[in-house]
Amino acid sequence: MTATPDFADWLAICNLKAAYCRLLDTKDWEGWRELFTEDCVVDTRPSGGTLEEGRDRFVDMVRQSLSDAKTAHQIHSPQITVEGDSAEVVWAMQDRVVKDEFALTGYGHYHETCVRTAEGWKIARQTLTRLIVEMDGKPA
């Protein structure tokens, strides 16, 4: 059975993902880490990445990859289905990564399972898919 989320859950899940983008782009690694469950699973293989199991392993991998990059992540058009303390969410996304001698702009979707915890909603599972990836040289 699928259920339309009540407004409080919808807003909390939207705020969770907004914090995800802001904390990632500002490189607030400790704040970003708190958005995930300890046992989260993040799969970026569909977009050319890796499968990471566990919050610490995932956040440390992203920190190593992006700490010296300029990034801008944007999400919109959430599709949210809540069943009890679990939510399935699909976000349309765009990201821009500028690092060293290249720049990447990607367009695709985050597919997530969020769970309600004592600390609020957290991301338990995430898969990143990309529909378009544009690569170019270092921007002016």
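Between Thr81 and Gln79 there is no side-chain heavy-atom pair separated by less than 4.5 Å. Leu131 has its side chain within reach of His109: a pair of non-hydrogen atoms, C-beta onward, lies under 4.5 Å apart. You'll find the side chain of Glu52 stays beyond 4.5 Å of the side chain of Val41, heavy atoms only. In this structure, Pro78 and Cys14 have side chains that are in contact, with non-hydrogen atoms separated by less than 4.5 Å. Taking the side chain as every heavy atom from C-beta outward, Pro46 and Leu128 never approach each other to under 4.5 Å. The shortest side-chain heavy-atom distance between Gln126 and Tyr110 falls under the 4.5 Å cut-off.
Between Ala12 and Trp121 the shortest heavy-atom distance is CB-CD1, 3.6 Å. The two atoms that bring Lys27 and Ala69 nearest to each other are NZ-O, 3.1 Å, heavy atoms only. Shown here for Tyr107 and Glu134, the closest heavy-atom pair between the two residues is OH-OE1, 3.8 Å. When all heavy atoms of Ala103 and Arg96 are compared, the closest pair comes out as CB-NH2, 3.5 Å. Summarising the geometry of Ile123 relative to Cys40, their closest heavy-atom pair is O-CB, 3.8 Å, with the distance given to 0.1 Å. For the residue pair Ser47 and Arg130, the shortest heavy atom distance occurs at CB-CG, 3.5 Å.
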Full working for side-chain contact (heavy atoms from CB on, under 4.5 Å) between Thr50 and Val42: CA-CA 8 Å; Thr50 61; Val42 179; over 6 Å; no
Steps toward salt bridge (Lys or Arg N to Asp or Glu O under 4.0 Å) verdict (Arg33, Asp28): CA-CA 9 Å; Arg33 178 184 311 271; Asp28 181 344; over 6 Å; no
Criterion salt bridge (Lys or Arg N to Asp or Glu O under 4.0 Å) on Glu30 and Arg63, from CA distance to verdict: CA-CA 10 Å; Glu30 291 310 309; Arg63 180 191 327 217; 3.7 Å; yes
Candidate pair Thr105 and Asp95, rule side-chain contact (heavy atoms from CB on, under 4.5 Å), full reasoning: CA-CA 6 Å; Thr105 304; Asp95 63 349; 5.9 Å; no
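Between atom NZ of residue Lys122 and atom CD of residue Glu34 there is a gap of 5.0 Å, rounded to the nearest 0.5 Å. Of the inter-residue distances, the one linking Lys17 atom NZ with Ile75 atom CD1 reads 7.0 Å to the nearest 0.5 angstrom. Atom CG of Leu24 sits about 6.0 Å away from atom CG of Leu66, to the nearest 0.5 Å. In this structure, CG on Asp85 lies 8.5 Å from CG on Asp9, to the nearest 0.5 angstrom. Atoms CG and CD, from Leu35 and Glu119 in turn, are 12.0 Å apart once rounded to the nearest 0.5 Å. Going from atom OG1 of Thr44 over to atom CG of Leu51 covers 8.0 Å, rounded to the nearest 0.5 Å.
With hydrogens and angles disregarded, a donor-acceptor distance shorter than 3.5 Å links the side chain of Arg116 to the backbone of Gly84.
Aromatic ring pairs are classed by plane angle as parallel below 30°, tilted from 30° to 60° and perpendicular above 60°; the pair Trp32 and Trp29 is perpendicular.
Side chains of Asp43 and Thr127: a donor-acceptor N/O pair is absent below 3.5 angstrom, by distance only. Remark: the Glu88 side chain and the Thr113 side chain contain an N/O donor-acceptor pair separated by less than 3.5 Å.
Under the 4.5 Å side-chain heavy-atom criterion for grouping Ile, Leu, Val, Met, Phe, Trp and Tyr, Val90 is not connected to Ile80 through any hydrophobic cluster. Under the 4.5 Å side-chain heavy-atom criterion for grouping Ile, Leu, Val, Met, Phe, Trp and Tyr, Val62 is connected to Leu23 within one hydrophobic cluster. Met61 and Val97 fall within a single hydrophobic cluster, where Ile, Leu, Val, Met, Phe, Trp and Tyr side chains are chained together by heavy-atom contacts under 4.5 Å. Met93 and Ile132 sit in two unconnected hydrophobic clusters of ILVMFWY residues. Membership requires side-chain heavy atoms under 4.5 Å apart, directly or through other members.
Using a cutoff of 4.0 Å between basic side-chain nitrogens and carboxylate oxygens, Asp39 and Arg55 are not scored as salt-bridged.
Between Trp91 and Tyr20, the gap from one ring centroid to the other reaches at least 6.0 Å.
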